[in-house]
Amino acid sequence: MRRVPPPTSKDAARKPAPRLSSSLARPVKAAIAAQVVALFNDRGRGEKPVPRHPDGLFGKDSVAWRVHGDVASMMVGGVAGLLLQMLHPAVLAGVWDHSNFRADMHGRLRRTARFIAQTTYGERSEALAAIERVRRIHDQVRGTLPDGTPYLANDPALLAWVHVTETTSFLAGWIRYAEPRMSTADQDRYFAEMAVVGEALGASPVPRTRAEAEAIIQAMRPQLRCDRRTREVARLILTQPAHNAMAEPIQALTMEAGVDLLPAWAVAMHRMHARSFSRAFVRAGTLGVARTLRWAFQ
C-alpha cells in the first residue's frame, strides 16, 4: 500500500477534504461551521465570532493570525497547554480555589478561546479591553497553597508560566497538524508577537524566541508537581462531556491528541503512559478532522 505523506508546508494547512459537488458541499460546510461556532460562542450571552480587523495588535500578515485561525490544532494545543499549566502548584491552586471549573469546564475553555480570538483578531481597543478584564480578575485571585505558601494570580512568574505553556502548545499543535516544516524564523516571530499579550498581562519573563520559551520551561520544571488535585483537574479536562452526542468521538480524539502533544516528561508526571488509542491512530484521525474543518471554513 502506498504511504500518503503528511502535509509539508503552510499550503498543506489548506488542503481540502475530498470534494463534493457544490450543491452537496454547501449545506455540509454550513452544518459543520455552525457546530463549531456554537461550541466557541455563548449564544445566551449574544456572543458571535470575533471579526478579523487589520488594525488589531498583529494584522493579517502575522504568524499569530495564521496559527490561531486553525480550529483543530488550537483545540489540541489548548488541551496540552492546560495540562502543562496545572503542573504548577500555584496555577493549580488559583483554578482550584477561585473557579467553577467542576461545574462549567466548557464555559471556562470557551472564555479562554474568546480571549485568544479578541486579542488576535479584534480591534486594538477590543484586545486591550479584554486584557484589562483579565488583569482585574487576576488582581482578586490570591490564597495559600496546602503547604502554607501564599500565591497571587498576578505574580509575573506565574503569568509567565501560563503564557509560555499556552504559546508553546498552540505552536506545537500548528506544526504537527498544519505546517510541519514551519521555519525557525516564523516560529520565533510567533513568540515575539505573542510577547505583546504576555507583557500586557504582566508576565515576566516573556519569551521572544522558541529557544527562550524552551529555556523558561526548563527553568520552571523543578517547581512543578502532580498530586491528587492535579490529577482531578486533568481528569475533568479530559473527560468533560461534548456539547452534543455527535461531537463525542471528535472530542475524545482531541483530548487524546492533546496528551500526545505533551513533552515526555509531562506525560510521565501525569502518569498518562497507557492511553486508549494508538499514537498513529490519534495523529491520523486528528489530521483528518483538521483538514475537514479547514474545508468547512473555506
Side-chain angles (χ1 to χ4, degrees), residues 77-112 115-116 131-170 172 194-195 197-207 212-240 255 258-275:
V79 171
L82 283 173
L83 293 173
L84 281 173
Q85 289 167 18
M86 294 304 103
L87 290 173
H88 194 294
V91 174
L92 175 70
V95 173
W96 190 274
D97 297 339
H98 300 273
S99 171
N100 65 339
F101 70 94
R102 295 174 187 82
D104 189 25
M105 177 62 76
H106 178 69
R108 178 180 175 83
L109 297 176
R110 183 164 53 194
R111 288 188 292 274
T112 299
F115 173 80
I116 294 166
I131 291 171
E132 181 57 30
R133 283 194 299 272
V134 171
R135 289 189 65 123
R136 288 198 301 268
I137 293 171
H138 286 165
D139 286 340
Q140 302 171 32
V141 177
R142 60 187 65 205
T144 305
L145 300 181
D147 66 1
T149 303
Y151 69 84
L152 299 171
N154 59 8
D155 181 338
L158 294 185
L159 293 171
W161 175 248
V162 172
H163 175 80
V164 74
T165 51
E166 187 175 82
T167 51
T168 299
S169 298
F170 288 153
M194 294 310 295
V197 177
E199 290 174 347
L201 286 169
S204 180
V206 175
E212 289 178 1
E214 292 172 349
I216 291 172
I217 290 175
Q218 290 302 314
M220 293 289 282
R221 281 186 60 184
Q223 302 179 41
L224 306 182
R225 301 287 184 273
C226 186
D227 58 16
R228 176 189 61 81
R229 301 201 308 181
T230 315
R231 289 188 288 273
E232 174 66 10
V233 174
R235 183 188 67 80
L236 288 170
I237 291 171
L238 296 175
T239 62
Q240 60 177 302
M255 297 303 169
V259 173
D260 179 51
L261 198 65
L262 290 171
W265 58 264
V267 174
M269 289 189 70
H270 276 292
R271 301 177 185 175
M272 293 178 175
H273 300 288
R275 305 305 298 171

Output for pair (L158 CG, Q223 CD), nearest 0.5 Å, gives 8.5 Å
The reported gap from CZ in R235 to OG1 in T230 (rounded to nearest 0.5 angstrom) is 13.5 Å
Closest non-hydrogen contact found for G77 with S169 is O-CB, 3.1 Å
### Query
Is a side-chain N or O of H270 found less than 3.5 angstrom from the main chain of R231, in a donor-acceptor match?
no
* To do: For the residue pair L159 and H138, establish whether any side-chain heavy-atom pair is separated by less than 4.5 Å.
  => yes
Contact check, side chains of S204 and E199, non-hydrogen atoms, under 4.5 Å
no
On a heavy-atom basis, the closest approach of L87 and A266 is CD1-CB, 4.2 Å
Minimum side-chain heavy-atom gap P207-T168 below 4.5 Å = no
Is there a donor-acceptor contact under 3.5 Å from the side chain of H88 to the main chain of A90? yes
* Do the side chain of H98 and the main chain of R142 share a donor and acceptor less than 3.5 angstrom apart? -> yes
- request: Take T112 and E166, measure what side-chain contact (heavy atoms from CB on, under 4.5 Å) needs, and give me the verdict at the end.
  value: CA-CA 11 Å; T112 299; E166 187 175 82; 4.1 Å; yes
For the residue pair M86 and W96, establish whether any side-chain heavy-atom pair is separated by less than 4.5 Å.
-> no
Stepwise salt bridge (charged side-chain N to carboxylate O under 4.0 Å, His left out) test for E232 and R229: CA-CA 5 Å; E232 174 66 10; R229 301 201 308 181; over 6 Å; no
One should read off an interatomic distance between F115 CZ and R133 CZ, to the nearest 0.5 angstrom, of 9.0 Å
* To do: Look only at the side chain of T149 and the backbone of L145, and say whether a donor-acceptor pair between them is shorter than 3.5 Å.
  => no
Here the pair of heavy atoms bringing A157 nearest to M220 is O-CE, 4.1 Å
Note: P89 and L224 closest approach over all heavy atoms is CD-CA, 4.4 Å
- Message: Using side-chain heavy atoms (C-beta onward) and a distance below 4.5 Å, is Q240 in contact with L236?
- Response: no
Hey, does R135 have a side-chain heavy atom less than 4.5 Å from the side chain of N154? no
Closest non-hydrogen contact found for V79 with G258 is CG1-CA, 3.9 Å
In terms of heavy-atom contacts, G94 and V141 come closest through CA-CG1, 4.1 Å
Rounded to the nearest 0.5 Å, the OG1 atom of T165 sits from the CG atom of L82 at a distance of 8.5 Å
**Prompt:** Does a side-chain heavy-atom distance below 4.5 Å link L92 with Y151?
**Reply:** no
Review point. I216 versus W161: any side-chain heavy-atom pair under 4.5 Å?
Key: no
